[in-house]
Amino acid sequence: MGDWQTYTDQVVNRFDYDANDWSITGVCNGAAIYSQDGTLWAMSGNEGDGLADYAHPLEQMDGSVQEVQISEIACAIGAADGNRSPSEAGIRMGKTKYMLTYKDPDQAIAQLTRSGGGAVVGKTSTAVVIGFWKKDQADSNGRAQNMEDAFKLVKEMCDYLIDQGF
């Protein structure tokens, strides 16, 4: 297995194996690969400090506020499995709320949206792969970052990791 940083770079950018160079850069705004226990293996791009555990204030039906514990790795794993509410506060990553819009029927990969962009989360037997995109960011070809391109790169990385026994 190679350098994990190289793998997250291949979720942020499209690599052309024939030319042995990046064919498109900035396809995703950021990417991360975690173990399923939450250990960060690598991170690339501009998506902050990664996933965290924290208390989140959640407004109740009566107007009161209750602190709920958030495990963002559990949210990512739950989303990849198609769970729309893996925590009491829904799907949260980077202290931002996401909404599940699509779950691949054949593999543990889900598309998530948020204001101004979204993420794609994929799960293998031991790893969690996340690609983040922002609709106001463009790749090196001038095309706006988008869910379809992010999905393709996350799926390719999940397929590769599965083939490698991860």
Side-chain angles (χ1 to χ4, degrees), residues 7-15 24-36 38 40-61 65-66 68-124 127-162:
Y7 299 138
T8 56
D9 290 347
Q10 290 180 35
V11 175
V12 172
N13 309 294
R14 161 118 354 247
F15 193 75
I24 306 172
T25 59
V27 176
C28 290
N29 191 55
I33 300 176
Y34 289 84
S35 69
Q36 287 196 27
L40 178 65
W41 289 349
M43 183 186 307
S44 295
N46 303 313
E47 278 302 315
D49 297 325
L51 303 183
D53 294 336
Y54 57 93
H56 175 74
L58 185 64
E59 187 172 342
Q60 305 298 300
M61 295 296 286
V65 175
Q66 176 184 344
V68 297
Q69 276 306 118
I70 303 295
S71 166
E72 292 183 342
I73 190 68
C75 287
I77 291 168
D81 287 334
N83 185 346
R84 294 179 183 278
S85 294
S87 79
E88 291 181 70
I91 301 168
R92 293 192 166 272
M93 294 185 300
K95 297 187 178 177
T96 301
K97 184 166 182 150
Y98 287 81
M99 182 175 71
L100 191 146
T101 56
Y102 174 78
K103 161 66 176 76
D104 187 288
D106 301 320
Q107 199 169 352
I109 299 178
Q111 296 177 349
L112 312 172
T113 60
R114 66 176 173 124
S115 178
V120 176
V121 180
K123 185 180 87 167
T124 71
V128 179
V129 179
I130 307 168
F132 298 94
W133 60 275
K134 291 185 175 180
K135 66 181 180 181
D136 65 350
Q137 300 290 315
D139 66 24
S140 60
N141 286 343
R143 180 177 163 146
Q145 291 180 357
N146 61 79
M147 186 76 73
E148 179 183 331
D149 292 341
F151 183 87
K152 186 173 184 178
L153 292 180
V154 168
K155 182 174 182 351
E156 287 173 1
M157 184 53 61
C158 285
D159 290 343
Y160 175 77
L161 292 175
I162 290 167

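Counting from 1, the numbers follow the sequence of the chain as shown.
Residues Val65 and Leu58 have side chains not in contact (no heavy-atom distance under 4.5 Å, counting atoms from C-beta outward). Between Val120 and Ile130, every side-chain heavy-atom pair lies at or beyond the 4.5 Å cut-off. Here the side chains of Met43 and Ile33 are not in contact, with every heavy-atom distance at 4.5 Å or above. Arg92 has its side chain out of reach of Tyr98: every pair of non-hydrogen atoms, C-beta onward, lies at least 4.5 Å apart.
Separating the CG atom in Asn141 from the CD1 atom in Ile24 is a distance of 4.5 Å, to the nearest 0.5 Å. To the nearest 0.5 Å, the span separating CG on Asn83 from CD1 on Ile91 amounts to 7.0 Å. Separation of atoms CD (Glu59) and CE (Met61) is listed at 9.5 Å; rounding is to 0.5 Å. Atom-to-atom distance recorded for Asn146:CG and Asp139:CG is 8.0 Å, nearest 0.5 angstrom. Between Cys28 atom SG and Gln10 atom CD the span is 12.5 Å, to the nearest 0.5 Å. One finds the CG atom of Leu153 at 12.0 Å from the OG1 atom of Thr8 (value rounded to the nearest 0.5 Å).
For Tyr102, the ring-ring contact (aromatic ring centres under 6.0 Å, His included) test picks out no residue, with sequence neighbours left out. Among residues two or more places apart in sequence or in another chain, the salt bridge (Lys or Arg N to Asp or Glu O under 4.0 Å) test is passed with Glu88 by none. Here Arg143 pairs with Asp149 under the salt bridge (Lys or Arg N to Asp or Glu O under 4.0 Å) rule; sequence neighbours left out. With sequence neighbours excluded, the residues forming a salt bridge (Lys or Arg N to Asp or Glu O under 4.0 Å) with Asp159 are Lys155, listed by chain and number. Partners of Ala144 according to the side chain to side chain contact (heavy atoms under 4.5 Å, CB included) rule, which considers only residues two or more places apart in sequence or in another chain, do not exist here. By the salt bridge (Lys or Arg N to Asp or Glu O under 4.0 Å) test, Asp81 pairs with Lys123, sequence neighbours left out.
Counting only distance, with no hydrogens or angles, the side chain of Gln145 and the backbone of Lys134 share a donor-acceptor pair below 3.5 Å. Side-chain N or O atoms of Ser87 include one that pairs as donor or acceptor with a backbone N or O of Ala89 at under 3.5 Å.
The minimum heavy-atom distance linking Ala150 with Trp133 is given by the pair CB-CD1, 3.9 Å. Listed here is the closest heavy atom pair of Met157 and Tyr7: CE-O, 3.3 Å. Closest approach of Ala110 to Ala80, counting heavy atoms only: CB-CA, 4.1 Å. The shortest non-hydrogen separation linking Leu51 to Ala76 is CD1-CB, 4.3 Å. When all heavy atoms of Gly50 and Glu72 are compared, the closest pair comes out as O-OE1, 3.9 Å. Shortest non-hydrogen contact noted between Gly26 and Asn13 is N-OD1, 2.9 Å.
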### Test side chain to side chain contact (heavy atoms under 4.5 Å, CB included) applied to Val154 and Val11, step by step
CA-CA 6 Å; Val154 168; Val11 175; 3.8 Å; yes
### Query
Please walk me through it: do Val129 and Val121 pass side chain to side chain contact (heavy atoms under 4.5 Å, CB included)?
CA-CA 6 Å; Val129 179; Val121 180; over 6 Å; no
### Task
Quick one: do Val12 and Val27 satisfy side chain to side chain contact (heavy atoms under 4.5 Å, CB included)? Show the steps, please.
CA-CA 5 Å; Val12 172; Val27 176; over 6 Å; no
### Message
Applying side chain to side chain contact (heavy atoms under 4.5 Å, CB included) to Leu112 and Met93, what does each step give before you reach the verdict?
### Response
CA-CA 10 Å; Leu112 312 172; Met93 294 185 300; 3.5 Å; yes
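Checking each of Leu100, Thr101, Asp104 against Gln111 for a side-chain contact (heavy atoms from CB on, under 4.5 Å) leaves exactly one that passes, namely Thr101.
In Gln60, the CD atom is crowded: over 12 heavy atoms of neighbouring residues, nucleotides or ligands sit closer than 6.0 Å. Atom NZ of Lys103 has more than 12 heavy atoms from other residues, nucleotides or ligands within 6.0 Å.
Looking only at atom types and distance, the side chain of Asp9 has a donor-acceptor partner in the side chain of Ser44 under 3.5 Å away. No side-chain donor from either of Gln69 and Tyr54 sits under 3.5 Å from a side-chain acceptor of the other.
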